[in-house]
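All of these numbers come straight from a predicted model, not from anything done at the bench.
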Amino acid sequence: MNDIDLHVHSNASDGTCSPSQVVELAKKAKLAAIALTDHDTVNGVGQALEAARQNGLRVIPGIEVSSIYEGTEIHILGLFVEKDDPDFLKALERFQAIRDERNQEMLERFEKAGIHLTKDMLTGSNPQTVITRAHVARALVRSGYASSMEQAFKKYLTYGGAYCPPKKAPDPLTVTETLRANGAFVSLAHPFQYKLGDERLGHLAESMKSWGMEGIEVYHSSHNSLETKKLLELSQK
């Protein structure tokens, strides 16, 4: 039992299961360890750690922080975070405030188009969740505005589209420094999702390494075998 998953979400952000349920599912899948890495929050980490103590699974406290690199949204993983660090929590509050402003603008754009969505409709089973585009997509499907999550994203949630304003987020240097100050291991999440091209991705990786990044997420469900091979070579370089 040696398999691990270092990028797992719960309903503290865009996952569908509570942190304790995530731990239970990981145990059933016979994983040795997981990292709970919800978007811009560590609110689910405590519950996951408690559940892990009860069933023997190792849980690594983590987070996935949104950032903007040359106009493109990227995600940066922090592993082994100190979840109760007051300076870190204050930084997350600032990051979440930026996200909340965008979410409010999104709701206003939908309302003007006659699509009625409320914050309560988005948060679902966890009122304290960090709202992401996945929450909006689920609400659109439940309300009959889209037939599937895929259609909801394509029709309504394209970045910069009529309903989805460009995301504002801290730059990668700020995010990396914030995570490093917390003592976290910093890793670039699913790099090929950003469609930067090999050259720009290489420049980003080199810059982030100089700032203290220590890893790249090579294995991800969105990566094909060629992309995985390229990322292995990039990480070794």
Side-chain angles (χ1 to χ4, degrees), residues 6-9 12-15 35-45 60-83 85 87-106 129-136 153 157-161 164-218 220 222-223 227 231 234-235:
L6 298 179
H7 188 161
V8 178
H9 293 190
S13 64
D14 58 350
L36 188 67
T37 55
D38 279 306
H39 287 287
D40 297 333
T41 184
V42 290
N43 287 345
V45 169
I60 296 166
I63 192 168
E64 182 176 10
V65 182
S66 298
S67 181
I68 300 294
Y69 173 68
E70 296 181 351
T72 299
E73 180 179 353
I74 67 171
H75 294 163
I76 300 171
L77 293 168
L79 304 176
F80 303 99
V81 299
E82 295 291 338
K83 68 179 182 65
D85 174 6
D87 291 334
F88 184 58
L89 294 177
K90 287 179 182 177
L92 293 185
E93 285 180 7
R94 294 193 297 270
F95 298 166
Q96 289 171 21
I98 296 172
R99 181 187 285 273
D100 289 342
E101 289 178 9
R102 175 172 173 267
N103 288 337
Q104 184 58 41
E105 182 177 349
M106 198 181 303
T129 188
V130 172
I131 295 173
T132 68
R133 289 190 304 156
H135 292 85
V136 180
F153 273 98
L157 298 173
T158 301
Y159 284 127
C164 192
K167 191 170 186 177
K168 298 176 183 178
D171 60 82
L173 174 59
T174 298
V175 173
T176 302
E177 289 182 338
T178 299
L179 290 169
R180 292 286 292 166
N182 175 265
F185 177 102
V186 179
S187 175
L188 180 62
H190 42 63
F192 274 102
Q193 283 193 6
Y194 316 130
K195 305 186 187 307
L196 295 174
D198 293 349
E199 185 175 355
R200 288 180 69 204
L201 178 57
H203 289 159
L204 172 62
E206 288 175 1
S207 295
M208 291 188 65
K209 180 178 183 295
S210 72
W211 303 331
M213 181 181 76
E214 298 178 90
I216 297 173
E217 187 173 34
V218 171
H220 190 269
S222 66
H223 295 160
E227 290 168 339
L231 290 174
L234 178 61
S235 63

Is any NZ, NE, NH1 or NH2 atom of the basic residue among E73 and R133 found under 4.0 Å from an Asp or Glu carboxylate oxygen of the other? no
Can you tell if the side chain of T178 reaches within under 4.5 Å of the side chain of D87, non-hydrogen atoms only? no
I63 pairs by side chain to side chain contact (heavy atoms under 4.5 Å, CB included) with which of L92, T37, V45? L92
Working to the nearest 0.5 angstrom, can you tell me the gap between D171 CG and I68 CD1? 10.0 Å
Is the closest side-chain heavy-atom distance between F88 and K83 below 4.5 Å? no
Rounded to the nearest 0.5 Å, how far does OG1 of T132 lie from CD of E64? 10.0 Å
With distance as the sole criterion, is a donor-acceptor pair present between the side chains of S222 and Q193 under 3.5 Å? yes
Side-chain donor-acceptor contact under 3.5 Å, H135 with T129: yes
Quick check: do M213 and S207 have side-chain heavy atoms less than 4.5 Å from each other? no
When you measure from the side chain of S67 to the backbone of P170, do you find a donor-acceptor pair of N or O atoms at a distance under 3.5 Å? yes
Under 4.5 Å between any side-chain heavy atoms of I76 and S187, yes or no? no
Are D198 and F192 close enough that some pair of their side-chain heavy atoms sits under 4.5 Å apart? yes
Going by heavy atoms in the side chains, are I60 and L36 under 4.5 Å from each other? no
Do F153 and T158 pass the side-chain contact (heavy atoms from CB on, under 4.5 Å) test, and can you show the C-alpha distance, the side-chain angles, and the key distance before you say yes or no? CA-CA 6 Å; F153 273 98; T158 301; over 6 Å; no
Here the gap from K90 atom NZ to R94 atom CZ, rounded to the nearest 0.5 Å, amounts to 9.0 Å
Check this for me: does any side-chain nitrogen of one of E101 and K168 sit under 4.0 Å from a carboxylate oxygen of the other? no
Given side chains that start at C-beta, do those of H223 and L231 come closer than 4.5 Å, heavy atoms only? yes
Under 3.5 Å donor-acceptor, S13 side chain and D38 backbone: no
So which of K209, E214, R180 actually passes side chain to side chain contact (heavy atoms under 4.5 Å, CB included) with V186? R180
Hey, does the side chain of Q96 reach the backbone of D40 with a donor-acceptor pair shorter than 3.5 angstrom? yes
Hey, mind stepping through H203 and Y69 against side-chain contact (heavy atoms from CB on, under 4.5 Å) and telling me if it holds? CA-CA 11 Å; H203 289 159; Y69 173 68; 4.2 Å; yes
Output the distance between atom SG (C164) and atom CE (M106), rounded to the nearest 0.5 Å. 4.0 Å
Nearest 0.5 Å, please: how far is OG in S235 from CG in L188? 11.5 Å
Evaluate the side-chain contact (heavy atoms from CB on, under 4.5 Å) criterion for residues I216 and M208: first the C-alpha distance (whole Å), next the side-chain angles of each, then the deciding distance (0.1 Å), finally the verdict. CA-CA 10 Å; I216 297 173; M208 291 188 65; over 6 Å; no
Step-by-step side-chain contact (heavy atoms from CB on, under 4.5 Å) determination, L234 to V218: CA-CA 9 Å; L234 178 61; V218 171; over 6 Å; no
Any sub-3.5 Å donor-acceptor pair from T176's side-chain atoms to L173's backbone N or O? no
Flag the pair F185 / V81 as yes when at least one side-chain heavy-atom distance between them is below 4.5 Å, and no otherwise. no
Separation between CG (L79) and CG (L77), nearest 0.5 Å, reads 6.0 Å
Identify which one of H220, H7, H190, H9 satisfies the ring pair (Phe, Tyr, Trp, His ring centres under 6.0 Å) criterion when paired with H75. H190
Check: A12 main-chain N/O paired with N43 side-chain donor or acceptor under 3.5 Å: no
